[in-house]
2 protein chains.
Amino acid sequence: MSQTVDRALSILPLLAEGPADLGRVADRLGVHKSTALRLLRTLHEHGFVYRQSDQRYRLGARLIALAQEAMENLDVREIAHPHLVRLNEQCGHTVHLAVYEEDEVLYIDKVESRYPVRMYSRIGKPVAITVAAVAKLLLADLPENERRAVVEKLDYPLYTARSTPHAEAFLKELAKVREQGWATDLGGHEESINCVAAPIRGADGRVVAAMSVSAPNVVVTADELLTLLPLVRRTADAISGEYSGRTPVHHADPLHHPEKETP
Amino acid sequence: MSQTVDRALSILPLLAEGPADLGRVADRLGVHKSTALRLLRTLHEHGFVYRQSDQRYRLGARLIALAQEAMENLDVREIAHPHLVRLNEQCGHTVHLAVYEEDEVLYIDKVESRYPVRMYSRIGKPVAITVAAVAKLLLADLPENERRAVVEKLDYPLYTARSTPHAEAFLKELAKVREQGWATDLGGHEESINCVAAPIRGADGRVVAAMSVSAPNVVVTADELLTLLPLVRRTADAISGEYSGRTPVHHADPLHHPEKETP
DNA sequence: CTGGTGCGTTGCAATATCTGCAACGTCCAT
DNA sequence: ATGGACGTTGCAGATATTGCAACGCACCAG
């Protein structure tokens, strides 16, 4: 809508790929060098880009600080975190928390597996929306028409032989997930990795987030992982209760929540 | 330099404080509502802001994803991380990694203490630059004139009775730190918290990052913490060696480094 | 039911703002 | 020296951005 801003913002993902010099930025943007320079300058003033010693531009610190603030404001995350940690302590596997936002599902928290073999994922990174267990739960809860619209728009990459192949199959899967109130991903994203997931609901019953436990075949079989389902669901329910204000917040470890700012 | 971009970017920190509606954004920016609307729309298209169900705007997901990418590109961080973890396993306390960037020092990695009492800090958050041990190391290594310029510009908040009171004292402290090659913060930020820090150097000998171990008095005394100094320095040196390419990268646990993307 | 208030949204005309150009400075390698 | 690559600046023209005023809509109170 606003050309100047549009161009300026386009610079950021570009720099995320790695440092770039002025000429490169200008080229990729399709504008004159002087224009790119002025945009970069503005970004720089706000701390969004940083000019390293070799004169090339990198993403700046303020960006990181902002994102961190953004995450702290997500109150589901804050409430859920101790529960995720506890769950991880109980089962040892990687625990994820994800939310849906504008056609994307993204991880907003993660507790690493205690086993040496870990799965690759990244907080803030959009998840493989057509196969991830958490994505299924989040999409399954969208209103009928919106869900349909989103599902139709998606691509269906065949990560493995068990990936969801197309919209139709996905809709069917979502219906099932919606029905049973939990979801799995059995090797749909990476051949050897399985997940079990459960929804976290707000006071009105709508799914606000989803959590999952993931483990590679070499550690536990899919069947063994499924035995954790009740535990995962209980954890998710506990978070739901706390998030929607039904459960009096119970602090297993009150020192876990330090004061914001001043001592 | 560019008014439009400038205004657009100013919206982000504003939203970081919490969700805001159009009117509020327009007011704070000092522009007409329609102008604010168009800026927000552009930010929205890029995923930097998100419109929640009550129509108010929040910081968006792309911001988080970008910041995460930005951090992954910091290669000091990547190299240092396993070392930080190992150090944490050895001593049990909170370990921080920080870099200097444009008049600020900020944490770019953190491994939490295993003790229940933890210190409050946040990745991406600028540190208390006048007192933090890591900040001293990073500033101490700046070229004379630049260091002086920065130090003069700073505020010297008295967090505690032992905080650095003014520029003069700070310069003196920096000289000492520069001399000895390590730094401490003994209750300068929070009465009951002490830190020991050591520098990480690039191939040219310049300090590229600094790491610290922090622990509250209730867990270990300052003297006890100081006994960790040799260990901290060895760790920092190990990171330096690897970062500057002198040391052949040695994998204590090769499975620690998952492949990027595809399996 | 109705009038009012608060909010987001749109079309428009005026102009302030941004753009691309061309020229300059600097650094580096040939 | 000399050429090229790169970042930087002043300028005039063009275009994108702005604020206004009017509209639509939802919500609330009388």
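- Applying a 4.0 Å cut-off to non-hydrogen atoms, the residues of residues 25-50 of chain B that approach DNA chain D are B:Val31, B:His32, B:Ser34, B:Thr35, B:Arg38, listed by residue number.
- The side chain of A:Thr4 places no N or O atom within less than 4.0 Å of a non-bridging phosphate oxygen (OP1 or OP2) of C:dC18.
- A donor-acceptor contact closer than 3.5 angstrom links the side chains of B:His81 and B:Asp109.
- Note: CD (B:Gln3) to P (D:dT17) measures 11 Å, nearest angstrom.
- Within residues 14-24 of chain A, the residues that have a heavy atom under 4.0 Å from DNA chain D are, in order of number, A:Asp21, A:Leu22, A:Gly23.
- A salt bridge links A:Arg62 with B:Glu104: the closest approach of a Lys/Arg side-chain nitrogen to an acidic carboxylate oxygen falls below 4.0 angstrom.
- Within a 6.0 Å sphere centred on CD of B:Glu45, other residues, nucleotides and ligands contribute more than 12 heavy atoms.
- Spacing between atom CZ of B:Arg51 and atom P of C:dG8 amounts to 7 Å, rounded to whole angstrom units.
- Atom CE of B:Met1 is separated from atom C1' of D:dT8 by 11 Å (rounded to the nearest Å).
- Ion pair A:Arg58/B:Glu101 not flagged as a salt bridge, since none of the NZ, NE, NH1 or NH2 atoms sits closer than 4.0 Å to an Asp/Glu carboxylate oxygen.
- Taking A:Arg147 as the reference, nothing meets the side-chain hydrogen bond (donor to acceptor under 3.5 Å, both in side chains) condition, with sequence neighbours excluded.
- Note that CD1 of B:Ile200 is 9.5 Å distant from CG of B:Asp237, once rounded to the nearest 0.5 Å.
- Aromatic ring orientation, B:Phe170 versus B:Tyr156: perpendicular (interplanar angle above 60°, classes split at 30° and 60°).
- Taking a 6.0 Å sphere around CD of A:Glu179, one finds it holds 12 or fewer heavy atoms contributed by other residues, nucleotides or ligands.
- Residue B:Arg56 is classed as having no contact, given no heavy-atom separation below 4.0 Å to the nucleic acid.
- Put simply, A:Arg7 has no side-chain N or O that comes within less than 4.0 Å of OP1 or OP2 on C:dC18.
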